[in-house]
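To start, the structure itself, in structure tokens.
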Amino acid sequence: MRSFYRSRLFWCGVPGLVFLMWVWWDSGQYESNMIWDGGNRVYDLRLSRGCVVGGSGRDNSFGVGGDGFGTGRYPLTMEHEILRIRDRRFDFPRPFEWDTTVNENGRWRTETRQVSVAMWVMVGCYTVGWLGAVWWWQRRKRRVMVLLTDLAKGTEVAR
């Protein structure tokens, strides 16, 4: 029986974990976002300060809006200076946050909803799922190997 670290499933999961760790570390210096404008509703997905933030907003002040898609990557600033590489860090914000904001000003009404998930939660869930799959696969292979060994010996297999 081969060790778990010789399993292809183990090695296929390592790049995903490395990528998530890099994204988490990088979010300490940069904010990356993706925005889609669909009429009077705007959807965005942001990565900033150790969180993945998904949100949508409705703006009824301008009537019909435009359709568009955009992405961006902006440095986070601290006291009007870009954070240096040594200042990058792994942020540990709250695991989950939900926020709804409604602003009304006469005939204008804006509504914003956001859901935030911390990167440490995503890294933890990925790691637990990936190592759980590796453990299950190794356990399954071990059980099949015992079954085949017992059948080869001609002994009765107790289930």
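Under the 4.5 Å side-chain criterion, counting only non-hydrogen atoms from C-beta, E97 is not in contact with Q114. Within the 4.5 Å cutoff, no side-chain heavy atoms of T112 are placed close to those of T100. Put simply, the side chain of R139 reaches to within 4.5 Å of the side chain of R142, judged on heavy atoms. Side-chain contact between V23 and L47: present, with at least one pair of heavy atoms (C-beta onward) separated by less than 4.5 Å. Looking only at side-chain heavy atoms (C-beta outward), E31 and R46 come within less than 4.5 Å of each other.
Atoms NZ and CG, on K141 and L9 in that order, are 9.0 Å from each other to the nearest 0.5 Å. Taking OG of S48 as the reference point, atom OH of Y74 lies at 12.0 Å (rounded to 0.5 Å). To the nearest 0.5 Å, the span separating CH2 on W36 from CG on D44 amounts to 12.5 Å. We find the CH2-CG distance between W22 and L17 to be 14.5 Å, quoted to the nearest 0.5 Å. Note that OG of S7 is 5.5 Å distant from CD of Q138, once rounded to the nearest 0.5 Å. Atoms CE and CG, from M34 and L45 in turn, are 4.5 Å apart once rounded to the nearest 0.5 Å.
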Side-chain donor-acceptor pairs of residues 115-127 under 3.5 Å, sequence neighbours excluded:
from, atom 1, to, atom 2, distance (Å)
W120, NE1, P93, O, 2.8
Y126, OH, G13, O, 2.8
T127, OG1, V123, O, 2.8

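Under the 3.5 Å distance criterion, with hydrogens and angles disregarded, no donor-acceptor pair is assigned to the side chains of S56 and R113.
In terms of hydrophobic clustering, with Ile, Leu, Val, Met, Phe, Trp and Tyr side chains grouped at heavy-atom distances under 4.5 Å, Y43 and W98 are assigned to different clusters. Under a hydrophobic clustering in which Ile, Leu, Val, Met, Phe, Trp and Tyr are joined whenever their side-chain heavy atoms come within less than 4.5 Å, directly or via other members, L20 and V128 fall into different clusters. In the hydrophobic cluster analysis, where Ile, Leu, Val, Met, Phe, Trp and Tyr join through side-chain heavy atoms closer than 4.5 angstrom, I35 is grouped apart from V53.
Annotation: salt bridge (charged side-chain N to carboxylate O under 4.0 Å, His left out) contacts involving residues 122-132, sequence neighbours excluded, are absent.
Aromatic ring centres of W24 and F92 lie closer together than 6.0 Å. For W130 and F10, the gap between ring centers is short of 6.0 Å.
Side-chain atoms of S27 come within 3.5 Å of backbone atoms of G50 as a donor-acceptor pair (strictly under, hydrogens ignored).
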